[in-house]
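Reviewing the structure listed below.
This is a predicted model, so every value here is computed, not measured.
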Amino acid sequence: EYFLSANHHLRKYAESQEYEHNEKAIEILFKALKKDGANPIILSRLGDAYLNRVTYGYGEQWLDSAAFLSSKAIQEHPEVSQVWFLSGRVHFMKGNISEAKLHFTKTLELMPNHSDALEQLGFILVNQEDFKTGIPMMIHSLRLDPRNYKRFENLYGNMGYFLSAAGLY
């Protein structure tokens, strides 16, 4: 019950960037943690909400909170792909690209069709000029989640740059 409601608000936040949706998700996730504090998905979704605060300018201090949650979740649930993905996002946002790459790779080992991890790892590889591996990963992520307009925009909005940098255009 809590998880579905929190997910709804996180999706609404992603679509609208309206601060109150993210804050409502955090409020709901805190309630869920009181009932099941060890649930790795709840921990990772709360970490996602904290990263939303950082991404959209609500304060860098939330990056440390997300890092704490991801570390705790990995220690308690190393078999869950979503906790590795959260940790990858945290490392990426901190500028630890090699760690982010390792954590996105671990996510994909646990869940090969994790569309967000495919996109993020593909993005890192493309920026490291490994176009042959990175672009297909990003395209595959879009095929897995074709209604994600931000993913579509990220991939195809940058395709000219990718092809030019790869010497293909």
Side-chain angles (χ1 to χ4, degrees), residues 1-111 114-128 138 141 145 147-155 157-158:
E1 166 192 348
Y2 287 121
F3 181 71
L4 292 176
S5 181
N7 253 3
H8 165 77
H9 285 285
L10 287 172
R11 268 195 310 274
K12 286 295 225 180
Y13 179 72
E15 293 168 2
S16 68
Q17 305 305 301
E18 293 175 5
Y19 185 70
E20 57 272 4
H21 286 295
N22 198 60
E23 296 310 295
K24 185 67 176 173
I26 290 172
E27 178 186 320
I28 294 165
L29 288 164
F30 267 118
K31 289 178 185 175
L33 277 179
K34 287 180 183 176
K35 284 189 158 196
D36 187 5
N39 185 307
I41 303 302
I42 293 171
L43 290 171
S44 67
R45 294 307 281 161
L46 184 57
D48 287 337
Y50 287 165
L51 291 180
N52 287 342
R53 284 180 167 175
V54 177
T55 300
Y56 298 105
Y58 298 123
E60 290 292 319
Q61 69 272 19
W62 296 105
L63 189 53
D64 292 332
S65 296
F68 172 78
L69 287 175
S70 71
S71 178
K72 176 181 172 157
I74 285 174
Q75 287 174 356
E76 295 176 6
H77 303 281
E79 75 286 358
V80 177
S81 64
Q82 197 60 31
V83 301
W84 289 97
F85 179 72
L86 171 63
S87 185
R89 286 187 64 209
V90 167
H91 283 291
F92 185 83
M93 290 178 76
K94 285 187 167 194
N96 303 329
I97 304 305
S98 62
E99 281 296 310
K101 192 175 172 181
L102 289 173
H103 288 231
F104 293 139
T105 300
K106 179 67 175 179
T107 303
L108 292 169
E109 287 172 11
L110 294 168
M111 186 179 192
H114 191 293
S115 62
D116 294 325
L118 283 162
E119 178 187 27
Q120 292 296 314
L121 184 56
F123 180 79
I124 289 171
L125 292 169
V126 163
N127 281 294
Q128 293 176 338
M138 294 175 78
S141 76
D145 189 10
R147 295 179 188 206
N148 186 324
Y149 70 92
K150 287 185 180 182
R151 181 169 293 142
F152 184 84
E153 181 180 301
N154 185 33
L155 177 60
N158 291 307

Is there side-chain contact between [X] and [Y], with heavy atoms separated by less than 4.5 Å?
X    : Y    : result
M138 : L125 : no
F92  : R89  : no
D145 : E119 : no
R45  : L69  : no
E99  : K94  : no
L43  : V83  : no
N127 : F123 : yes

(request) Can you sort out the partners of H91 under ring pair (Phe, Tyr, Trp, His ring centres under 6.0 Å), two or more places apart, ordered by chain and number? (result)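 Partners of H91 under the ring pair (Phe, Tyr, Trp, His ring centres under 6.0 Å) test: H103.
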Closest heavy-atom contact between [X] and [Y]?
X    : Y    : answer
T107 : F85  : OG1-N, 3.0 Å
P78  : L110 : O-CD1, 3.7 Å
F104 : G88  : CZ-C, 3.4 Å
V90  : L63  : O-CD1, 4.1 Å
A66  : L86  : O-CD2, 4.4 Å

Heavy-atom donor-acceptor pair, [X] side chain to [Y] backbone, under 3.5 Å:
X    : Y    : answer
W84  : I74  : no
S71  : A67  : no
H114 : A117 : yes

(message) Using 0.5 Å steps for rounding, measure from the CD1 atom of I42 to the CG atom of L46.
(response)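 Reported value, rounded in 0.5 Å steps: 9.5 Å.
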(request) First locate atom CE of M111, then atom OG of S81, and finally report the distance between them rounded to the nearest 0.5 Å. (result)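 If I round to the nearest 0.5 Å, the distance is 5.0 Å.
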